Asks: 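Supplied in structure tokens, the structure appears directly below.
Just so it is clear, the structure is predicted and the values come from calculations on it, not from any experiment. Just so it is clear: chains get the letters A, B, ... in the order the sequence lines come, proteins before strands, and each one is counted from 1. FYI, side chains are in, hydrogens and waters are out, and symmetry mates aren't considered; it's all heavy atoms of this structure.
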Protein chains: 2
Amino acid sequence: MTAPPRRVTQRDIARMAGVSQATVSLVLNNRTDAEVRIAPETRDRVLRVIAETGYAADPVARRLASRFNRIIGVFTYEPAFPSGSRDFFHPFLLGIEEYAERVGCDLLLFTSAPVVDGRRRIFHQDNRLRLADGCILLGREIPGAELHRLNGDGYPYVAVGRRDDAGGPVPYVGADYAAAVARLVEAALRHGHRRLTYVGMGMTAESSQDRRAGFATAAATAESARQVSAAPQAADTTLDDLLADGSTVAFVEDFATAVALEAAARRRGLTVPGDLSIVTLGDPTVPVPTDIVFTGFRIPREEMGRQSVEVLTGVIDGSAGGLQQRLLPCELVEGSTLGTPDPAVDRR
Amino acid sequence: MTAPPRRVTQRDIARMAGVSQATVSLVLNNRTDAEVRIAPETRDRVLRVIAETGYAADPVARRLASRFNRIIGVFTYEPAFPSGSRDFFHPFLLGIEEYAERVGCDLLLFTSAPVVDGRRRIFHQDNRLRLADGCILLGREIPGAELHRLNGDGYPYVAVGRRDDAGGPVPYVGADYAAAVARLVEAALRHGHRRLTYVGMGMTAESSQDRRAGFATAAATAESARQVSAAPQAADTTLDDLLADGSTVAFVEDFATAVALEAAARRRGLTVPGDLSIVTLGDPTVPVPTDIVFTGFRIPREEMGRQSVEVLTGVIDGSAGGLQQRLLPCELVEGSTLGTPDPAVDRR
DNA sequence: CATAGATGCTAATACGTATTAGCACGGCGG
DNA sequence: CCGCCGTGCTAATACGTATTAGCATCTATG
């Protein structure tokens, strides 16, 4: 219970097999270069001793010597397993775990990072990033300064979600929100909608910018295409605004807001999509009870997780040429909330 | 992009501050023993250089030299983030993460462990356990042989859930199923139930054994107390069996089976708890839709996660004296499925 | 002025692995 | 018999930190 019993080392194996520690290392790593030659009998002898002792190389020493760990860091800007954002992070982690298992890497969650001003910080006194070969960054918003510093340090990382605010190029695996929103806008136009409103949350996050850009581009030919901001609590006000504007379809960034909007409409005796079409622009990030299947799209979170590991391993071993930035397509969800506008409403 | 840029080391700091590497290490670790003395000015100078360079000690080298890492391993016998057992592991991980954050440890998920015969194995060729200071073991069932080997290696670990099959003592943080089941049995007896049936799943897992033991002990004074096994699919057969036996209350180990049993009873026009009381002995591990609140208990999963980290850190630094085994109390859930037996049914 | 003790620091080494230069040995051609 | 080459291995070193013995230097004391 006091000092842990010293583990078996290559030196022990070497002594037992009557060779040098270097030979053990060479055999272990199956080195068969032209430069390095080991007689088959010697090799077998060493392997036999290894098998007998159940020796396993110390990963720490291995890492110190060779600089690679097969550890992938995962940095979440919020706790990874909270009840609140549970549905947000979980699919990413699922994909990350799956791919990490496939490539034989372990996952290091940086839970030790201290929380300052309600969010974790990568860089702090006892920065432990270097424990891993590279790192996956998860979070709704990631401070540009930290990305900048990662770039400066030459530390391999990948952000999940598009990022552009690092004062330099950022490797990422994101979802192609612009294209998905554009396709939904086009669908609405085909349905005959002429006055469209984008109901957003904020302007800062890249994911919001991309959605807004997709909306603006695709809706350019519409009679009216405007953007407003709203929260779930203000659903009634938002609804007033939509009706006053004569909008027949709302593209709602936040899922909970869409649910609230539909409820508000129903309370007033309006039908969806008869009187108002509602399109959602992302999966729920917090659990929202509703029986309605909203028209919108699905963010390929699991696949984003998988590909972020793939990209990261490429960045780490240098096999990935150039900057790695991927945008994955979102699958559209048919749903029941996008329809043909009622002419009575459309004509204001 | 090829070789990682060499990072700042203590040697660099030492050169800049005009001291030796040893001094840097001593300052960093805040060593103020009687044996070791550093002049305040020197200390400040070193600290200033450290702050300027943003130096952070390489945890790998630190670990190699001192054996401690502040990394807690998490080994899950099934993937940690599957859709299926999602509701099973998640609360544990939540508690683990919370406590790890509190004590400043990072979490290493051993995703690299290869899967053999449908489950992961700790021990294999390139065992990476030593990357962490110690390890938390999660899984419905954990092979005794692996626990045995961990014991033999003197590797610090804690199992989540009681374990006894290691051919030696196993440190664990479990739930006190025996006590919880006993209290439910006593409640049933107070309600007037005389013929009780335990509907179990299997006999192997310790968690099943504990529940059965608690049942057997507490039901010793009942007119009849028997144990049967059943699956959710066989709910009708099970119900037949209960009625034939004249049992007025069923203690059902598996949540899904309890749901199926209640549904079967309702289909036959029986009421719960009027004609039959049903008590559940654990939270759902897979999502089962039901509106009924079953009488039973709640497994303190989150707290088990927290305390497993607490116990492990104690085992690692040796501050925990002796064997660490904790059983946490389960909170009873009042529910609506335990009532007074109908005399007509009770008297068979 | 010699000596003892306190103070402030450094040199040396350990941790366990990977890598590389090069040694020892044997066979072969000249 | 000498030089050369191919084979099979080892000695030495690096990786970055923690630890410990002990070396200077200075102050106080007899």
Side-chain angles (χ1 to χ4, degrees), chain A residues 3-46 50 53 55-70 126-131 133, chain B residues 3-46 50 53 55-71 125-131 133:
Chain A
R6 221 178 54 74
R7 62 192 314 246
V8 179
T9 69
Q10 288 187 358
R11 199 200 303 281
D12 300 325
I13 305 286
R15 207 177 311 117
M16 294 186 213
V19 295
S20 71
Q21 174 267 325
T23 304
V24 176
S25 174
L26 294 172
V27 168
L28 262 169
N29 294 325
N30 223 337
R31 290 279 301 271
T32 45
D33 318 24
E35 312 295 298
V36 169
R37 294 151 306 226
I38 307 285
E41 312 90 73
T42 309
R43 184 178 298 272
D44 290 346
R45 188 153 29 92
V46 171
I50 289 175
T53 55
Y55 164 84
D58 181 343
V60 174
R62 199 209 272 282
R63 162 76 166 152
L64 185 61
S66 76
R67 323 184 79 113
F68 291 113
N69 230 351
R70 303 200 74 72
D126 183 27
N127 178 320
R128 296 166 52 86
L129 229 44
R130 294 273 167 189
L131 262 179
D133 293 337
Chain B
R6 220 180 54 73
R7 60 192 314 240
V8 179
T9 69
Q10 288 187 358
R11 199 200 303 280
D12 300 326
I13 304 288
R15 207 177 310 117
M16 296 186 213
V19 296
S20 71
Q21 174 267 326
T23 303
V24 176
S25 174
L26 293 173
V27 168
L28 263 168
N29 294 326
N30 222 338
R31 290 278 302 271
T32 45
D33 319 25
E35 312 294 298
V36 168
R37 293 152 307 224
I38 307 286
E41 312 89 73
T42 309
R43 186 179 296 273
D44 289 346
R45 187 152 31 94
V46 171
I50 289 175
T53 55
Y55 165 84
D58 182 345
V60 175
R62 209 218 251 312
R63 165 77 163 142
L64 186 61
S66 78
R67 316 179 89 107
F68 291 114
N69 231 351
R70 303 201 74 72
I71 291 183
Q125 210 50 25
D126 185 27
N127 178 320
R128 295 167 51 88
L129 231 43
R130 294 271 166 190
L131 268 176
D133 293 338

Asks: Can you tell me if the side-chain N/O atoms of R62(A) get under 4.0 Å from OP1 or OP2 in dA18(C)?
Replies: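 Indeed, a polar side-chain atom of R62(A) lies that close.
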
Asks: Round to a whole Å and report the spacing from CG of L28(A) to P of dT19(C).
Replies: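 In whole Å, dT19(C) P and L28(A) CG are 12 Å from each other.
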
Asks: Tell me: CG of L64(B) to C1' of dA14(D), nearest whole Å?
Replies: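 Interatomic distance, CG of L64(B) to C1' of dA14(D): 12 Å.
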
Asks: Between N30(A) and R43(A), is the side chain to side chain contact (heavy atoms under 4.5 Å, CB included) condition met? List the steps.
Replies: CA-CA 9 Å; N30(A) 223 337; R43(A) 184 178 298 272; 3.5 Å; yes

Asks: Can you check side chain to side chain contact (heavy atoms under 4.5 Å, CB included) on R62(A) and L28(A), steps first, answer last?
Replies: CA-CA 12 Å; R62(A) 199 209 272 282; L28(A) 262 169; over 6 Å; no

Asks: With side chain to side chain contact (heavy atoms under 4.5 Å, CB included) as the test, would you mind laying out the steps for I38(B) and T23(B) before giving the verdict?
Replies: CA-CA 8 Å; I38(B) 307 286; T23(B) 303; 4.0 Å; yes

Asks: dT13(C) C1' sits how many Å from R11(A) CZ, rounded?
Replies: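 One finds 12 Å between C1' of dT13(C) and CZ of R11(A), rounded.
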
Asks: Counting distance only, does the side-chain N/O of R130(B) pair as donor-acceptor with the main-chain N or O of D58(A) below 3.5 Å?
Replies: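 Here the side-chain-to-backbone pair does not exist.
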
Asks: For R70(B) and D133(B), which heavy atoms make the closest approach, and how far apart are they?
Replies: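 Shortest heavy-atom contact: N-OD2, 2.7 Å.
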
Asks: Could you state the atom-to-atom distance from CG of D58(A) to P of dA14(C) in whole Å?
Replies: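 Result: 17 Å.
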
Asks: What pairs of nitrogen or oxygen atoms, one from the protein and one from nucleotides 4-10 of chain C, lie under 3.5 Å apart?
Replies:
residue : atom : partner : partner atom : Å
dG8(C)  : N7   : R37(B)  : NE           : 3.4
dG8(C)  : N7   : R37(B)  : NH2          : 2.9
dC9(C)  : OP1  : T42(B)  : OG1          : 2.2
dC9(C)  : OP2  : A39(B)  : N            : 2.4
dC9(C)  : OP2  : T42(B)  : OG1          : 3.4
dT10(C) : OP1  : S20(B)  : N            : 3.3
dT10(C) : OP2  : S20(B)  : N            : 3.0
dT10(C) : OP2  : S20(B)  : OG           : 2.9
dT10(C) : OP2  : T23(B)  : OG1          : 2.3

Asks: Please check if the side chain of D12(A) supplies one atom and the backbone of T9(A) the other of a donor-acceptor pair under 3.5 Å.
Replies: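 Here the side-chain-to-backbone pair exists.
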
Asks: Which of these nucleotides, dT17(C), dT17(D), dA18(C), is closest to any side-chain atom of T9(B)?
Replies: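 Ranking dT17(C), dT17(D), dA18(C) by closest atom to the T9(B) side chain puts dT17(D) first.
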
Asks: Return the value, rounded to whole Å, for the distance between atom CG of N30(A) and atom P of dT19(C).
Replies: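 My rounded result for the distance is 13 Å.
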
Asks: Between C1' on dG16(C) and CG on L131(B), what's the gap in Å once rounded to a whole number?
Replies: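 Taking CG of L131(B) and C1' of dG16(C), I get 13 Å after rounding.
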
Asks: Whole-Å distance between dA18(D) C1' and Q10(B) CD?
Replies: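 Rounding to the nearest Å, CD of Q10(B) and C1' of dA18(D) are 8 Å apart.
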
Asks: For the pair made of CZ in R31(B) and P in dT17(D), what is the distance, rounded to whole Å?
Replies: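 Distance, rounded to whole Å: 16 Å.
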
Asks: Decide yes or no on side chain to side chain contact (heavy atoms under 4.5 Å, CB included) for V19(A) and R45(A), but give the supporting numbers first.
Replies: CA-CA 10 Å; V19(A) 295; R45(A) 188 153 29 92; 4.0 Å; yes

Asks: Would you say Y55(B) places a side-chain N or O within less than 4.0 Å of OP1 or OP2 belonging to dG16(D)?
Replies: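 Y55(B) to dG16(D) OP1/OP2: no side-chain N or O under 4.0 Å.
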
